[in-house]
*Asks:* 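Below you'll find the structure I mean.
Letters A, B, ... mirror the listed sequences (proteins, then strands); counts begin at 1. All values below come from the heavy atoms of this structure, side chains included, with hydrogens, waters and symmetry mates left out.
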Amino acid sequence: MSDDAPDAAATAAPVTMVPSHVRLTYTVTAGRHLSSYLRALADRRIVGGRCPVCTKVYLPARGACPTCGVPADQPVEVADRGTVTTFCVIRIPFEAAPFPPPYVAVAILLDGADMPIFHLVRGIAPEEARMGMRVQARWVADDQLGPTLASIRWFELSGEPDAAYETYANHL
Amino acid sequence: MRDVAIIAFAQLPAVRRDTEREEVELVQPVVTAALAQAGLDRRDVGFTISGSCDYLLGRPFSFVAALDAVAPWPPIAESHVEMDGAWALYEAWARLQCGDVDTALIYAYGKSSLGELPDVLVQQLDPYYLAPLGADAISLAALQARALLDSGRADERRLAAVAARSRRAAAANPCAQRRSRREVDELLAEPYLVAPLRKHDCPPISDGACAVVLAAGDVARRLVPRPAWIRGIDHRIEPHQLGHRDLTRSPSTAEAAARAGAGPDAAPFDLVELHAPFSHQELILRDALGLPTDDGTADGIDDGDGGDGPAINPSGGALAANPMMVAGLTRLGEAAARLMAGDGRRALAHATSGPCLQQNLVCVLETDGGAP
Amino acid sequence: MDVLSAPYVLEYTYQRSTGPVIGRFLTALRDGRLEGVRTTTGRVLMPPLEYDPATGEATGEPVPLPPDGVVTTWAWVATPRPGHPLDRPFAWALIRIDGADTAMLHAVDAGAADAMRTGMRVTARWRAERTGSILDLACFVPVAGEAP
Ligand SMILES: [Zn+2]
């Protein structure tokens with residue numbers, strides 16, 4: 001059909017786009033190592049895995065230590081308090097945001113672990129956030145515990161003095 | 001060309017549903033076992049490459065999640081193909097031709113159980129003419145099977161004979177999934193799945209993983225007593241639209257075979273591993289490779305104990321276990337493992353990809369000298 | 001160890017551009033017409049492609065085609081899947097439209113497998129509401145009077 005064709009078909013523009021929708025359903029599995037970590041959270045415990053070669057403690061336990069290639073699966077319970085190794089301040093609202101902004105997202109090196117986990121800190125003004133802050137987990141109520149990191153509602157300042165940079169410099 | 005050999009092969013037993021392992025947990029055991037066979041440490045590997053498919057796991061960039069298994073810290077030389085691992089092996093072989101590295105690790109993994117495999121495989125089809133129809137892989141293969149039956153070059157009994165032989169062979173393969181023995185008449189009494197294919201003509205849905213180690217020249221000779229040398233390897237592809245091809249022939253297989261040194265005048269093979277997910281596809285492949293499709297034995301399908309031809313799919317092949325993205329590399333690994341164990345000295349291995357044998361890879365493997 | 005699992009949905013709501021050749025074909029489907037494309041060697045590709053797989057050359061002008069053709073191979077689906085074009089037993093078929101040199105995939109609503117055979121003639125059944133999609137062809141149906 002030419003652009004100036006006066007017939008009825010010309011009232012509809014030529015097709016140039018088509019919907020190409022993909023919708024696939026899965027049942028995903030967490031695997032043995034991640035499951036052990038998630039199960040412990042439902043129990044108010046934080047359990048990682050130690051690499052038998054380099055002795056690093058990973059959170060969660062892993063199917064392979066990325067340095068050694070062997071499972072990092074020797075169970076190690078770590079503390080529910082630790083040191084903020086880095087942070088950022090979220091100031092933009094978005095659909096899945098857990099709180100109205102601004103709020104502080106952090107990487108926390110829990111005492112006894114070699115890998116930081118990611119979580120939120122509440123109870124401080126964003127401009128007070130800093131590396132080295134000592135924080136403590138605030139767990140959800142018992143009846144809300146489940147195999148998910150959401151079993152920890154957030155972290156808050158523990159009241160301890162800030163950690164010296166050297167204590168977490170190798171875990172950034 | 002540099003001499004390059006397969007020097008190790010490891011696989012997980014294929015299962016219908018592996019509920020225990022995620023990516024890295026599938027890969028870590030086979031990588032560890034293959035490197036141990038080769039006598040190599042992870043740090044000694046010159047080049048690492050994998051084959052997998054994100055859609056199978058429902059996880060974009062899923063291959064990144066598996067990388068810990070090969071210890072990528074400190075950084076390693078790594079690549080990935082969103083294809084069967086056989087094509088990863090091809091890239092590794094080409095990489096070793098550069099001459100600056102001597103060893104390569106190839107692994108492949110696939111978990112078809114997580115999603116709806118027919119829906120996942122629709123994603124490999126052209127998005128304008130085929131994918132909107134929801135044309136699943138079994139339906140497309142059934143069109144090809146009908147075309148072959150119509151050509152008069154096969155009948156349903158021959159298809160069932162291929163399936164029966166696969167099951168007989170798989171009984172001796174602890175990594176195969178479909179291992180129960182069934183006779184041809186018994187299979188033919190089964191209802192159609194998508195006519196003219198019955199369930200036994202189609203591959204099982206499998207979860208699995210495998211790993212192969214390649215080494216060049218003297219390094220291969222130093223590491224293992226009987227390297228399985230890659231004497232030739234090539235892959236060819238055909239048009240995607242089924243209506244543009246003669247579905248009863250596999251010219252891409254014939255072309256790849258000719259370029260890999262397995263053409264019509266090639267020396268005979270002791271064993272052949274064909275990646276034929278559907279029974280009729282084995283017959284099309286045998287035709288393309290000049291392997292006898294009827295050797296005069298009772299069932300017309302040679303299984304290495306009756307006819308003159310080579311043993312076809314002594315592992316049971318893809319009809320016995322078909323982890324997607326793994327089953328092609330497994331054919332190369334199975335063939336090499338048999339040569340390394342002294343079961344013959346010359347083998348042909350094949351892998352396929354895409355609907356109805358769209359793409360095909362042929363590899364000729366040999367061990368040194370005469371009989372072990 | 002009791003391993004955790006969870007349902008998960010992967011969804012991509014893409015729109016794809018068709019390009020001029022496929023766009024023209026889909027526009028014709030929306031108008032209730034079939035249209036192939038001629039290659040530089042004179043063959044007619046149906047469905048049309050931008051480039052001739054045999055030569056790699058760009059294809060040329062559109063070729064109007066009738067809604068009728070011949071089944072070159074077929075497969076019988078006794079239990080349709082949710083994504084299939086028909087929700088009752090049907091045949092997949094490669095159909096060579098009259099005047100085309102290649103065959104296209106679609107469904108044939110034949111009622112029963114014994115109504116199907118290679119070489120049978122079929123004709124298009126159009127969807128009433130058409131949007132510019134291969135599904136504007138609801139399916140093909142056996143031409144009346146065609147006995148297996
Ligand atoms: Zn380690």
Side-chain angles (χ1 to χ4, degrees), chain B residues 17-22 25 54-60 113-116 118-120 122-123 125-136 138-151 191-197 237-248 355-356, chain C residues 1-5 8-10 12 14 16 18-19 21-23 25-26 43 45-49 51-54 71-86 91-97 100-107 113 116-119 133-137 139:
Chain B
R17 190 178 302 278
D18 186 332
T19 54
E20 294 258 307
R21 296 182 173 95
E22 42 82 57
E25 293 163 336
D54 292 349
Y55 275 118
L56 282 177
L57 293 113
R59 182 167 175 175
S113 67
L114 298 182
E116 294 292 325
D119 299 337
V120 169
V122 165
Q123 305 311 317
L125 302 176
D126 127 61
Y128 304 103
Y129 300 151
L130 299 177
L133 294 171
D136 59 281
I138 290 177
S139 293
L140 298 180
L143 289 167
Q144 182 181 38
R146 172 89 56 197
L148 183 67
L149 298 176
D150 283 343
S151 76
Y192 290 116
L193 189 58
V194 177
L197 295 179
I237 193 164
E238 301 177 31
H240 182 62
Q241 297 291 335
L242 305 184
H244 288 264
R245 300 194 244 151
D246 176 354
L247 294 179
T248 71
C356 297
Chain C
M1 176 72 223
D2 193 3
V3 172
L4 291 161
S5 63
Y8 180 72
V9 177
L10 190 65
Y12 298 107
Y14 294 134
R16 294 188 66 95
T18 59
V21 173
I22 293 170
F25 171 75
L26 295 177
R43 286 170 13 108
L45 306 184
M46 176 66 191
L49 300 177
Y51 299 95
D52 180 356
V71 168
T72 64
T73 184
W74 58 280
W76 187 255
V77 180
T79 312
R81 295 181 55 77
H84 282 167
L86 294 172
W92 290 109
L94 288 176
I95 300 160
R96 195 171 56 242
I97 298 297
D101 292 291
T102 60
M104 65 182 292
L105 178 73
H106 220 294
M116 289 298 303
R117 64 179 169 78
T118 301
S133 153
I134 193 72
L135 296 170
D136 288 349
L137 283 162
C139 60

*Asks:* Which atoms of B:Pro60 are under 4.5 Å from chain C, going by heavy atoms: the side chain, the backbone, both sets, or neither?
*Replies:*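 Just the side chain, heavy atoms under 4.5 Å.
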*Asks:* Flag yes if more than 12 heavy atoms outside C:Arg96 fall under 6.0 Å of its CZ atom; otherwise flag no.
*Replies:*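 Result for CZ/C:Arg96: open.
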*Asks:* Using non-hydrogen atoms and a 4.5 Å limit, figure out which bit of B:Leu133 sits close to chain C: side chain, backbone, both or neither.
*Replies:*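 The answer is both parts of B:Leu133.
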*Asks:* Partners of B:Tyr128 by side-chain hydrogen bond (donor to acceptor under 3.5 Å, both in side chains), sequence neighbours excluded?
*Replies:*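 Listed in chain order: C:Arg16.
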*Asks:* For C:Leu94, which atoms come within 4.5 Å of any heavy atom of chain B: side chain, backbone, both, or neither?
*Replies:*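 For C:Leu94, the contact with chain B is made by backbone and side chain together.
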*Asks:* Do C:His84 and B:Asp136 have side chains that get closer than 4.5 Å, going by heavy atoms?
*Replies:*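 C:His84 reaches B:Asp136 side chain to side chain.
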*Asks:* Between B:Ile138 and chain C, which part of the residue has a heavy atom less than 4.5 Å away: side chain, backbone, both or neither?
*Replies:*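 Neither part; nothing is under 4.5 Å.
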*Asks:* Is chain C contacted by the side chain of B:Asp119, its backbone, both, or neither, given a heavy-atom distance below 4.5 Å?
*Replies:*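 It is both, since atoms from each part get that close.
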*Asks:* What part of B:Leu149 is in contact with chain C, defined as an atom under 4.5 angstrom from a non-hydrogen atom: side chain, backbone, both or neither?
*Replies:*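 Answer is neither: B:Leu149 stays 4.5 Å or more from chain C.
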*Asks:* Would you say the side-chain atoms of B:Arg146 pair up with the backbone N or O of C:Ala75, donor to acceptor, closer than 3.5 Å?
*Replies:*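 No.
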*Asks:* Measure the shortest side-chain to side-chain distance between C:Leu105 and B:Leu140 over non-hydrogen atoms and say whether it is less than 4.5 angstrom.
*Replies:*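 A side-chain contact exists here, since the closest heavy-atom pair is under 4.5 Å.
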*Asks:* Of the backbone (N, CA, C, O) and the side chain (C-beta and beyond), which part of B:Glu22 lies under 4.5 Å from a heavy atom of chain C, both, or neither?
*Replies:*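 For B:Glu22, no heavy atom lies under 4.5 Å from chain C.
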*Asks:* Against chain C, label B:Thr19 side chain, backbone, both or neither, depending on which of its atoms sit under 4.5 Å from a heavy atom there.
*Replies:*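 The backbone, not the side chain.
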*Asks:* Is it the backbone or the side chain of C:Tyr14 that comes under 4.5 Å from a heavy atom of chain B, or both, or neither?
*Replies:*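 No part of C:Tyr14 comes within 4.5 Å of chain B.
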*Asks:* Taking every non-hydrogen pair under 4.5 Å, which of B:Gly115, B:Ala147, B:Pro239 racks up the most with chain C?
*Replies:*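 Answer, by heavy-atom pair count under 4.5 Å with chain C: B:Ala147.
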*Asks:* So, for C:Trp92 and B:Ser139, which heavy atoms are closest and what is the spacing to 0.1 Å?
*Replies:*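 Between these two residues, the closest heavy atoms are NE1-OG, 2.8 Å.
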*Asks:* When you compare the side chain of B:Gln241 with that of C:Thr102, does any pair of heavy atoms fall below 4.5 Å?
*Replies:*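 Result no, sub-4.5 Å side-chain heavy-atom pair not found.
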*Asks:* Please check if the side chain of B:Tyr129 supplies one atom and the backbone of C:Pro48 the other of a donor-acceptor pair under 3.5 Å.
*Replies:*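 Yes, B:Tyr129 side chain to C:Pro48 backbone: donor-acceptor pair under 3.5 Å.
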*Asks:* Could you check which of B:Pro196, B:Pro118, B:Ala141, B:Ala142 has the highest count of heavy-atom pairs closer than 4.5 Å to chain C?
*Replies:*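 Of B:Pro196, B:Pro118, B:Ala141, B:Ala142, B:Pro118 has the most heavy-atom pairs under 4.5 Å with chain C.
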*Asks:* Identify the heavy atoms of B:His244 and C:Pro47 that sit nearest to each other, and give their distance.
*Replies:*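 Looking at all heavy atoms of both residues, the shortest contact is NE2-O, 4.2 Å.
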*Asks:* Under 4.5 Å heavy-atom distance to chain B, tell me which part of C:Ala54 shows up: side chain, backbone, both or neither.
*Replies:*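 Contact with chain B involves no heavy atom of C:Ala54 at all.
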*Asks:* With rounding to the nearest 0.5 angstrom, report the CG to OG1 distance, B:Leu242 to C:Thr72.
*Replies:*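 Reported to 0.5 Å precision, the distance equals 9.5 Å.
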*Asks:* Is it the case that the side chain of C:Thr73 and the backbone of B:Leu143 share a donor-acceptor pair, with hydrogens and angles ignored and the cut-off at 3.5 Å?
*Replies:*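 Flag set: sc C:Thr73 to bb B:Leu143 pair under 3.5 Å.
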*Asks:* Report the distance from atom CG of B:Asp150 to atom CZ of C:Arg117, rounding to the nearest 0.5 Å.
*Replies:*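 CZ of C:Arg117 is found 11.0 Å from CG of B:Asp150.
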*Asks:* In terms of heavy-atom proximity below 4.5 Å to chain B, should C:Tyr12 be classed as side chain, backbone, both, or neither?
*Replies:*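 The side chain, not the backbone.
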*Asks:* Name all residues meeting the salt bridge (charged side-chain N to carboxylate O under 4.0 Å, His left out) criterion together with B:Asp18; count only those two or more places apart in sequence or in a different chain, and write none if there are none.
*Replies:*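 For B:Asp18 the salt bridge (charged side-chain N to carboxylate O under 4.0 Å, His left out) partners, ignoring immediate neighbours, are B:Arg21.
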*Asks:* Could you state the interatomic distance from OG (C:Ser5) to CZ (B:Arg17), rounded to the nearest 0.5 Å?
*Replies:*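 Reported to 0.5 Å precision, the distance equals 9.5 Å.
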